Amino acid sequence: MQSGTTVIRAEGLARRYGHLHAVSGLSLSVDCGQVLALLGPNGAGKTTTLSMLTGTLAPHAGRIEIAGHDLAEAPQQAKRSIGYLPETPPLYPDLTVEEYLRFCARLHGMNRGESREAAAKAAARCGLETVSRRLIRHLSKGYQQRVGIAQAIVHRPAVVILDEPTVGLDPVQIRAARQLIRGLAESAAVIVSTHLLNEAAELATRVVILAHGRIVHDTSTDTDSQQIRMECRRPPPPERLAGIAGITAARAAGDGALVLTLDAATDPRPALLSAAVAEDWGLQTLCPVRDTLEDTFLAALAANPEAAA
Amino acid sequence: MRAALIIAGRDLRSLFRSPLAWLLLAGASFVIAWVFLWFVQGYMASAPQLPAGTRNPGVTALVATPTLLWAALVLVILTPLLAMRLLAEERRSGTLNLLRAAPVPVSAIVAGKFLALLAFLWLTVAITAAMPLSLELGSTLDLGRLGAGVLGLALLAAAFGAISLFISALTRQPLLAAFGSFGAIVVLWIINMAATTPGSASGLAWLAFQPHLNALLQGVVDSADLAYFVILTLLFLGLSVWRLDAERLSG
């Protein structure tokens, strides 16, 4: 699939459980090449949304298109392009890893020969070669989780949807899994639900925050732009800073602090420091801004008080 | 159809890897063999007193038919125990989501599960049929009657399987599914007892397994009896599909 092609198109999705509106009026388009992190507090509707996008749960309203096929009208064609890891990895403990992956590949329409090759490839990508002949029931939780990820990618889908993929992995495995997920985006659109903000920040090219079944925030995390925070005793006006080469924007953040958005092409720090000395700003600190996602997350929830209720 | 076979193959592989399947198969074979030998012994003891010629009921009626009837009773217990894992277990362990997210229609999921169950049950039926068939070595069997009886047993197994599969689709507790299926099969087995009391509807009697199975065991192949088993099987398979589909909408 070509990078940039829209492969997931959801419009006006709604889903109720009794009187509870788990998801309402949710629209979302995801392009190939994107890694979208779906964030939200517990009960925000993340799993419901993912279940609807994978066709395991029917929406009460709205429509979903996967790789150009309507999920309700042509479910078989649409589902061919979906790889899905649910919250609980759907594993058959009595099968070996290889048998299981081949079964999954064949379910998605591959013949015996293709499935053998695809299973071997998926196992290799997920670091499962050494355990491919062992029964799944005898594997550790970390390996089982990786088998779950392998299952979702074995048929090379254009859409990969992973519900909390790094739960149960140790820090080394988490790092490997994130690397793997980023790699998937070369040929697919990836949606990852997580409640770990640092995971979203590290993995995603786009962050969507759900609250109360609605999208309350949707931004691309532009990896090219970077922010630094500057604190001065006698801060200059922000317009002065925006004039320095390499700084694309500047805004006051209170208490003499300024947040500067940098342009990756030019390093503005030498110019900034000479200006600080020449104009006697009383520069105290200059540090990169981290964890802006946490601020975004809390701000998005605070702006939607009904979500917190 | 292809997807159904893939699902059935996976199911059988898992089934035969668990001790449960082997234990059930061994247990069922043991009980049926015991009953068979008991009938053979009874026949040997009474053979000298039996009338000669055409008035002799014969070894098929005295050994084969009651053995098949006992095998049917064994199926009443065996089928719910085998079927309880089918959908209830998949739902509990979350693997049902794998099948649901795959490009496979719900009917193929149900068909796959049913075929796996049927393969196992028909293996039991085949083992059962082999026992009276071995009498052909030393006596003359009424092969037509035996064949009709085996056909009846095979159709009964399919109906039991479809009912148990449907009940397995209703719950996520395998044990609950087993008890539910057992209850449903027993009710359908004895429902004609109520019908024999005066004043009750004869439709109730038609619903019961027993008269239809008995006709086939007597060697009478009536298309109405065959239709009964086929309709019952298809009805419960259809209900299973409907149930799984409804769950996607309401669950």
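When reading the values below, keep in mind they use all heavy atoms of this one structure, side chains included, and skip hydrogens, waters and symmetry mates. Here is the naming used below: chain letters follow the sequence lines, and residue numbers restart at 1 for every chain. Because the structure is predicted, anything quoted here is derived from the model rather than measured.
Here CG of A/L57 is found 8.5 Å from CZ of B/R100. Values are rounded to the nearest 0.5 Å. With rounding to the nearest 0.5 Å, the separation of CZ in B/R2 from CZ in A/R106 is 5.5 Å. Between the NE2 atom of A/H108 and the CD1 atom of B/I6 there is a distance of 11.0 Å, given to the nearest 0.5 Å.
Of the atoms belonging to A/Q151, it is side-chain heavy atoms, and not backbone ones, that fall under 4.5 Å from chain B. Neither the backbone nor the side chain of A/I161 comes within contact range of chain B, judged by heavy atoms closer than 4.5 Å. Using a 4.5 Å cut-off between heavy atoms, B/I7 touches chain A through backbone and side chain atoms alike. Contact annotation for A/Q77: neither backbone nor side-chain heavy atoms come within less than 4.5 Å of a heavy atom of chain B. Looking at B/E89, neither its backbone nor its side chain comes within 4.5 Å of chain A, counting heavy atoms on both sides. In this structure, the portions of A/Y92 lying under 4.5 Å from any heavy atom of chain B include both its backbone and its side chain.
Crowding of A/N111 atom CG: a count of heavy atoms from other residues, nucleotides or ligands under 6.0 Å exceeding 12. The environment of CZ in A/R116 is sparse: at most 12 heavy-atom neighbours from other residues, nucleotides or ligands sit within 6.0 Å. B/W122 CH2: 12 or fewer foreign heavy atoms inside a 6.0 Å radius.
In this structure, B/V104 and A/Q76 approach most closely via the heavy-atom pair N-OE1, 3.1 Å. Nearest heavy atom pair, residue A/A58 against residue B/L249, reads CB-CD2, 3.3 Å. Shortest non-hydrogen contact noted between B/T95 and A/P90 is CG2-C, 3.4 Å. Shown here for A/T96 and B/R17, the closest heavy-atom pair between the two residues is N-NH1, 4.1 Å. Of all heavy-atom pairs spanning A/T88 and B/S93, the tightest one is CG2-O, 4.4 Å.
The main-chain N or O of A/T56 is never found under 3.5 Å from a side-chain atom of B/R248 such that the two would form a donor-acceptor pair.
The stretch residues 65-83 of chain B participates, sequence neighbours left out, in no salt bridge (charged side-chain N to carboxylate O under 4.0 Å, His left out) pair at all.
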Could you walk me through whether A/Y100 and B/L98 satisfy the side-chain contact (heavy atoms from CB on, under 4.5 Å) test, starting with their C-alpha distance in whole Å, then the side-chain angles of each, then the deciding distance to 0.1 Å, before giving a yes or no? CA-CA 11 Å; A/Y100 173 69; B/L98 177 75; 4.0 Å; yes
Show, in sequence, the C-alpha distance, side-chain angles and deciding distance for A/L95 and B/R13, and conclude whether the side-chain contact (heavy atoms from CB on, under 4.5 Å) test is met. CA-CA 8 Å; A/L95 299 186; B/R13 199 187 281 242; 3.8 Å; yes
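If you tally non-hydrogen atom pairs under 4.5 Å between each of A/H60, A/E87, A/E99 and chain B, the highest count goes to A/E99.
Taking non-hydrogen atoms and a 4.5 Å limit, the residue list of residues 123-132 of chain A in contact with chain B is empty.
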